[in-house]
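Numbers here are sequence positions counted from 1.
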Amino acid sequence: MSNPLNDILNPKSVALIGASRNPTSFSYTYLSIMKNYGYRGNIHPINPRADAILDLKCYPSILDVPDDIDLAIVVTARQIVGASVEECVEKGVKGIMLLTGGFAELDEAGKAAQDEFVRQAQEKGIRVIGPNTLGFFSAPAKFDGLLSGYIREGSIGLVGQSGNLTRSVAFPGIKRGLGFRYIIGLGNQADVQFHEVIRYLREDENVNAIGLHIEGVNDGRKFLDEVAETTKFKPVVVMKTGSTQEGARVISSHTASLAGQDEVYEAAFKQCGALRVESAVEFSSLLLALSHGKLPKGNRVGILSEGGGDCALTADACTLKGLDLPTFSSKLQGRLKGIVPEIGQVTNPVDMAMWEKIPEVAEIMLEGDEIDGLIVVGGFAGWDFLNPNVAPEVEASAEKMAVLIAKTEKPLLIYTYYSYADSKSFETLRENRVPLFMDHHDAVNTMAGLVRYARYRATKAERRFSGSIATQPTAGRTRTEALLEHQANRLLETSGLPFPAYRFATTRQEAIDAADEIGYPVALKIISQDVLHKSDVGGVKLGLSTSEAVTEAFDEVIANARAFKRHARIAGALLNKMEESGGVEVIIGGLNDPTFGPTLMFGLGGVHVEVMRDVSFRVCPITPDDADQMIRELDGFPLLTGVRGGKPVHLEALRTALLNVSAFLMENPRIAQLDLNPVKVHEHGLSVLDARVIEYRD
């Protein structure tokens, strides 16, 4: 593999800087596990006060090691990490892994120190993993740098930022049969980033699936590019935790107040095809199922058990997850009746009312084209715990199931309430990576995840997020300023968005002239940089049908603005042609997210948008499919299709507007926040009734 990370993740020689002779110390334990796991390369402990540790020759400094060093692992005290890195740079190592913490995650002084030693390494072309990392495991190199002592080797690549959470996924997963090719802790991502490791794992043909634990991403668009390229043929499972500092964002719009970090990450994961999970159990379960590389062609699921209660509970869970439980054909039922006793059920779910011959029945159910996947629930492979005399039959059943799972092209998942126990049968299942789950819902959630990924991969989506954005002049800038509404309208009209006829007026007479020109009735709104939410302060008057009404409204909105803020800067008023009644009010918004850049929002609009929070997000640029999904994701989508005699709105016009705003945000990176609220959508099209644009300023 030509990837530059290969020398680090599969090192031929390792130096452990900070190795200790104290058997109770972290570094001693680390060295012991690294040595005993069977690492194939040379290990050089660095300790100026020891001749040897664990029968390995010690050196006072890495500069004294006569051999070339692929990877230097630093476990020294925080205060001397910088000096250790300087010696690594002088030695010319290929990579540095910093286990020591207390840098950017701690304080500004720590960040400054981290930036400095990373800069020194980068100047010499040396890559740095960490600091504050748990280390890594590499099956090809037989290298265990995780303080684990035992890792089952397999086809999963796991990348994380938290040592404890990565172990929470890996170690219980290993007990269930999950095998890893790599487990990599990135820590602070001071140098090596998520997107680089994702690319490395994608290029490894022995990695079947990738798991990511993310606290934060430094380069959101490169991350999305690499995940999107990977999920075209290799699944990526993500568990997102933590929060990102977003102090630079000025919350001045509905969009920004609704776009929490998690909402934008959720949208980003959908777009690049990553499967998001919420718990360590769900994480390891989905990776276990994906490690086989078998995906369902549809959402039709069969359920098999020896008990009716298990069948019912699993059927309920499948229905809630959108999985279909087709009733079996008379032909298939006839075949099953030849095995299942009369007191059983063969329609789907299949209740065998006995534990014998479950693999045989499972094979019959998987044949043909009536289901796309199978979930087995109950006490499979555990009946010998109740009756040791049937152990040979139980063990034979486990072996048959392992063979069936290896040869079938469809996913077969098993929940058995004996799986917590140890026996020859369960070790057979684990050694063969038979997917064993924690309960009924765990198995069903995993099957739903497989269906979701299979559907995404079938779209053959081509995505590019980085390189598609206009030159970004706003990095690090926090000062913003709102455009006046008529200025915002003129800017947005270049994107093809339709507005009702409007005119800007600075005096009563100009307001009357404007109303006469565009035609009554009109709406009149205050225009002030200090009044952003106009309706909240009495700054909007609707349905004005005469010049006298316009004059009165002009004076009133100015007075209300002064009452709200005595020294408010008032530019004048905007007059709009009133729209016809009917239709649905929606909001289209945008913001420059600190992680992912231009981001689009869509939802039900009006003054209650922040209360209802019925919104959807996507990172720009969006595709027509993205636009359709955003529209249909809303809980209030039925309002757009016509309810209680209402007419359906023009969905194509709405879709076009979302695509246009996405393109506008990509072409105008100075836009910090954007609100089009409300946008009136009706059967013939749509019209933007109010626009707010906030730009970054130098």
- Message: Between Glu282 and Asn445, does the side chain to side chain donor-acceptor pair (under 3.5 Å) criterion hold? Intermediate values first, please.
- Response: CA-CA 8 Å; Glu282 189 182 0; Asn445 288 342; 5.1 Å; no
- Residue pair Leu689, Asn576: steps toward the side chain to side chain contact (heavy atoms under 4.5 Å, CB included) verdict: CA-CA 8 Å; Leu689 303 187; Asn576 291 90; over 6 Å; no
- Chi angles and distances behind the salt bridge (charged side-chain N to carboxylate O under 4.0 Å, His left out) call for Glu462, Lys232: CA-CA 8 Å; Glu462 291 289 341; Lys232 289 192 293 187; 3.3 Å; yes
- Task: Applying side chain to side chain contact (heavy atoms under 4.5 Å, CB included), run through Ile588 and Leu497 and close with a yes or a no.
- Result: CA-CA 11 Å; Ile588 301 175; Leu497 290 170; 5.6 Å; no
- Any chance you could lay out the side chain to side chain contact (heavy atoms under 4.5 Å, CB included) test for Val540 and Asp690, step after step, and finish with the verdict? CA-CA 11 Å; Val540 179; Asp690 190 275; 6.0 Å; no
- Message: Between Glu266 and Phe617, is the side chain to side chain contact (heavy atoms under 4.5 Å, CB included) condition met? List the steps.
- Response: CA-CA 8 Å; Glu266 178 74 18; Phe617 288 89; over 6 Å; no
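Salt bridge status for Arg464 with Asp225: present, with a side-chain N to carboxylate O gap under 4.0 Å. Salt bridge annotation for Asp372-Lys297: absent, with no cationic side-chain nitrogen under 4.0 angstrom from a carboxylate oxygen. Note on Glu652 versus Arg655: salt bridge recorded, some NZ/NE/NH1/NH2 to OD/OE distance being below 4.0 Å. Under a 4.0 Å N-O distance rule, the pair Lys222/Glu196 does not qualify as a salt bridge. Salt bridge Glu229/Arg202: absent, no basic N to carboxylate O contact under 4.0 Å. The existence of a salt bridge linking Lys234 and Asp204 is excluded, since no basic side-chain nitrogen approaches an acidic carboxylate oxygen closer than 4.0 Å.
When side chains are defined from C-beta on, Ile198 does not count as touching Val159, because their heavy atoms never get closer than 4.5 Å. Annotation: side chain of Thr459 is not in contact with side chain of Arg455 (no heavy-atom distance under 4.5 Å). Using a 4.5 Å heavy-atom threshold, the side chains of Ile622 and Leu659 count as touching. In this structure, Arg221 and Pro598 have side chains that are in contact, with non-hydrogen atoms separated by less than 4.5 Å. No side-chain heavy atom of Leu290 sits under 4.5 Å from any side-chain heavy atom of Asn208. Inter-residue side-chain proximity for Glu263 and Arg613 is flagged as met; some heavy-atom pair is nearer than 4.5 Å. Counting only heavy atoms from C-beta outward, the side chains of Leu634 and Val586 never approach each other to under 4.5 Å.
Side chain to side chain, Asp626 and Thr623 meet the donor-acceptor criterion of an N or O pair below 3.5 Å.
Annotation: the span from Glu633 atom CD to Lys270 atom NZ amounts to 3.5 Å, rounded to 0.5 Å. To the nearest 0.5 Å, atom CD1 of residue Ile129 and atom CD of residue Gln189 are 11.0 Å apart. Here CG of Leu288 is found 13.0 Å from CZ of Phe283. Values are rounded to the nearest 0.5 Å. Within the model, atoms CG of Asp635 and CG of Asp614 stand 4.5 Å from one another, a figure rounded to the nearest 0.5 Å.
Residue Val451 comes nearest to Pro296 through the heavy atom pair CG2-CG, 3.7 Å, listed as atom of the first residue, atom of the second, then distance. The heavy-atom pair separating Leu413 from Ala289 by the smallest distance is CD2-CB, 4.0 Å. For Ala190 against Gln193, the heavy-atom pair with the smallest separation is C-NE2, 4.2 Å. When all heavy atoms of Pro411 and Leu450 are compared, the closest pair comes out as CB-CD1, 3.7 Å. Taking all atoms of both residues into account, the shortest heavy-atom contact from Ser279 to Met239 is C-SD, 3.6 Å.
Using the six-membered ring where Trp is involved, Phe269 and Tyr265 have ring planes that are tilted, between 30° and 60° apart.
Here the side chain of Thr133 pairs a donor or acceptor atom with the backbone of Gly185 at under 3.5 angstrom. Side-chain N or O atoms of Asp530 include one that pairs as donor or acceptor with a backbone N or O of Arg569 at under 3.5 Å. Within the 3.5 Å criterion, the main-chain N or O of Thr599 finds no donor-acceptor partner in the side chain of Asp593. For Asp191 (side chain) and Gln122 (main-chain N/O), no donor-acceptor pair under 3.5 Å exists by modelled atom type.
Between Phe596 and the choices Leu591, Leu224, Asp219, the side chain to side chain contact (heavy atoms under 4.5 Å, CB included) rule is met once, by Leu224.
For Lys321, the NZ atom sits in a loose shell: 12 or fewer heavy atoms of surrounding residues, nucleotides or ligands are nearer than 6.0 Å.
Here Phe465 and Phe223 keep their ring centres 6.0 angstrom or further from each other.
Qualifying side chain to side chain donor-acceptor pair (under 3.5 Å) partners for Glu683, counting only residues two or more places apart in sequence or in other chains: Lys647.
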